[in-house]
Amino acid sequence: MSKIIEVHHLYKSFGAVEAVKDVSFYVEEGSLFSFLGTNGAGKSITISILLTLLKQDAGEVKVNGLTVGKEDEAIRKEIGVVFQQSILDPLLTVKENLDYRARLYKMTKEERPAAIERVAATVDISSIMNRRYGKLSGGQKRRVDIARALLHQPKILLLDEPTTGLDPQNRKQIWNTILQLQRENNMTVFLTTHYIEEAANSNYVVVMKAGEIIAKGTPHHLKSQYSADRLMILAKDSARLRRQLRTDEVVFTEEHSTFLIHLEKTTDAIVLLANYEELIDSFEVQKSSLDDVFIQIHNRKEDLHRDDCYEA
């Protein structure tokens, strides 16, 4: 895959505050890329520079071969943005909103109907085209927002926390739409989210903290690098199991009569279960989640982790 977004040694300060410090990454064309970080991490500043809304102090950013700061107008045509807060008029119908936005993209009277019909079919909103935007459900509004971002046929779709405030069913529907866009249209999707588990769908993840990249890799790589599975045991005799584990120098914690043992690898559970079989009433091997990974990454004290094979 070719690199459709490239960020090289990006810096941005506001007075004495270093908001972005030597940030480098790239996004492959047609991939789903997740950009994570808590408030103040620097991801919003980085995105603003990427969208040509803010000028960097140093470093280079390229979008589909175009350089930010030199070819900004052309770059804006390459990116469709779905903001966290809607920018559409609640009093206009869906069709009226899309027509107005198409005018802003300087589409002709002849071009607009075809473009609107195309995006309506893409995100499955044809049945609500004549309804007022303000009367739609949260999930419907978000699909219309995505349609608006696709009107000018961008190569990159940037989604800023697209499922915030939606119920689980609507979140699932929006994700189905996003993944369908990526697969069927080879759309490059750049995602920011606070729902860490949504990053599990990604081809690649970058995590920022205090203006720096502190981890990056595939979801599988991050799980294997920063977290471990754990064995949960409910004992027949808690006192006996506790004594035996201490005698064998097995590190464990207890939560509500459940013994928790962290595993270096999942298969380590087999040996432990065999050793203490007569003391075990029931057990479960719990796989680590991306939430566990995110917490582990943010709590660690060592220097920044760099994944050399994905350095820009």
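These numbers were taken from a predicted model, which means no experiment stands behind them. When reading the values below, keep in mind they use all heavy atoms of this one structure, side chains included, and skip hydrogens, waters and symmetry mates.
Both Val81 and Leu54 are assigned to one and the same hydrophobic cluster, defined by single-linkage of ILVMFWY side chains at heavy-atom distances under 4.5 Å. Hydrophobic clustering of Ile, Leu, Val, Met, Phe, Trp and Tyr side chains at less than 4.5 Å, counting indirect connections, unites Ile49 with Leu53. If you chain together hydrophobic residues whose side chains sit under 4.5 Å apart, Trp175 and Val123 fall into the same group. Neither Tyr100 nor Ile87 shares a network with the other; the hydrophobic side chains, linked directly or stepwise wherever heavy atoms of I, L, V, M, F, W or Y lie under 4.5 Å apart, form separate groups for each. In the hydrophobic cluster analysis, where Ile, Leu, Val, Met, Phe, Trp and Tyr join through side-chain heavy atoms closer than 4.5 angstrom, Ile174 is grouped apart from Phe35.
Geometrically, Lys3 engages Tyr26 in a cation-pi contact, judged by NZ or CZ lying under 6.0 Å from the ring centre and within 45° of the ring axis.
Looking only at distances, no side-chain donor or acceptor of Ser24 sits under 3.5 Å from a matching main-chain atom of His8. With Asp281 contributing its side chain and Leu234 its backbone, the two residues share no donor-acceptor pair below 3.5 Å. A distance-only check finds no donor-acceptor pair linking the side chain of Lys236 to the backbone of Leu241 [under 3.5 Å]. Not a single donor-acceptor pair under 3.5 Å links the side chain of Asp229 to the backbone N or O of Leu263. Looking at Thr163, its side chain never comes within 3.5 Å of a backbone N or O of Leu166 through a donor-acceptor pair. When atom types are taken as modelled, the side chain of Asn97 and the backbone of Thr93 share a donor-acceptor pair closer than 3.5 angstrom. Under the 3.5 Å distance criterion, the side-chain polar atoms of Arg230 are left unmatched by any main-chain donor or acceptor of Glu284.
Side chains of Leu150 and Leu181 form a contact here, defined as non-hydrogen atoms less than 4.5 Å apart. Within the 4.5 Å cutoff, no side-chain heavy atoms of Val23 are placed close to those of Lys12. Considering only heavy atoms from C-beta on, Ile79 stays 4.5 Å or farther from Pro154 through its side chain. Using a 4.5 Å cut-off on side-chain heavy atoms (C-beta onward), Asp145 and Tyr133 make contact. Within the 4.5 Å cutoff, the side chain of Arg171 has heavy atoms near those of the Glu198 side chain. Within the 4.5 Å cutoff, side-chain heavy atoms of Ile45 are placed close to those of Phe14. Side-chain atoms of Ile156 and Val27, non-hydrogen and from C-beta on, never get closer than 4.5 Å to each other. In this structure, Val61 and Ile75 have side chains that are not in contact, with every pair of non-hydrogen atoms separated by 4.5 Å or more.
Nearest heavy-atom pair across Leu231 and Ala269 is CD1-CB, 4.4 Å. Residue Leu32 comes nearest to Asn201 through the heavy atom pair CD2-O, 3.4 Å, listed as atom of the first residue, atom of the second, then distance. Taking both residues in full, the closest heavy atoms of Leu36 and Ala199 are given as CD1-CB, 4.1 Å, listed atom of the first, atom of the second, then distance. Nearest heavy-atom pair, Ile280 versus Ser282, reported as atom, atom and distance to 0.1 Å: CG2-O, 3.4 Å. For the residue pair Ile125 and Ala147, the shortest heavy atom distance occurs at CD1-CB, 3.8 Å. Taking both residues in full, the closest heavy atoms of Lys141 and Leu136 are given as CE-O, 3.4 Å, listed atom of the first, atom of the second, then distance.
Aromatic ring orientation, Phe33 versus Phe190: tilted (interplanar angle from 30° to 60°).
No more than 12 heavy atoms of other residues, nucleotides or ligands lie within 6.0 Å of NZ in Lys95, so this atom counts as exposed by the packing criterion. The local environment of OH in Tyr11 is crowded, with over 12 non-hydrogen atoms from other residues, nucleotides or ligands closer than 6.0 Å. The environment of Arg76 atom CZ is dense: over 12 non-hydrogen atoms of other residues, nucleotides or ligands sit within 6.0 angstrom.
Atom-to-atom distance recorded for Arg143:CZ and Ser137:OG is 7.0 Å, nearest 0.5 angstrom. Taking CD from Glu71 and NZ from Lys62, the interatomic distance works out to 8.5 Å, rounded to the nearest 0.5 Å. In this structure, CG on Asn185 lies 13.5 Å from NZ on Lys155, to the nearest 0.5 angstrom. Put simply, CG on Leu151 and CZ on Arg103 are 12.5 Å apart, with the number rounded to the nearest 0.5 Å. In this structure, Arg183 CZ and Ile178 CD1 are separated by 11.5 Å, a value rounded to the nearest 0.5 Å. Here the CD-CD distance, from Glu28 to Glu6, works out to 11.0 Å after rounding to the nearest 0.5 Å.
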Please assess Gln56 against Val7 for the test side-chain contact (heavy atoms from CB on, under 4.5 Å), listing each intermediate value before the final yes or no.
-> CA-CA 11 Å; Gln56 69 266 37; Val7 178; over 6 Å; no
Residue pair Glu278, Arg240: steps toward the salt bridge (charged side-chain N to carboxylate O under 4.0 Å, His left out) verdict | CA-CA 10 Å; Glu278 64 178 23; Arg240 285 184 60 198; 3.4 Å; yes
Do Leu50 and Thr46 pass the side-chain contact (heavy atoms from CB on, under 4.5 Å) test, and can you show the C-alpha distance, the side-chain angles, and the key distance before you say yes or no?
-> CA-CA 6 Å; Leu50 176 66; Thr46 303; 5.7 Å; no
Begin with the C-alpha distance, continue with both residues' side-chain angles, and end with the deciding distance and a verdict on side-chain contact (heavy atoms from CB on, under 4.5 Å) for Glu161 and Thr192.
-> CA-CA 5 Å; Glu161 301 184 20; Thr192 74; 3.7 Å; yes
List the steps and the verdict of side-chain contact (heavy atoms from CB on, under 4.5 Å) for Tyr276 and Asp248.
-> CA-CA 11 Å; Tyr276 308 112; Asp248 296 341; 2.6 Å; yes
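With no hydrogens or angles considered, no side-chain donor-acceptor pair links Asp124 and Gln180 at under 3.5 Å.
You'll find the ring centres of Tyr204 and Phe25 outside the 6.0 Å limit.
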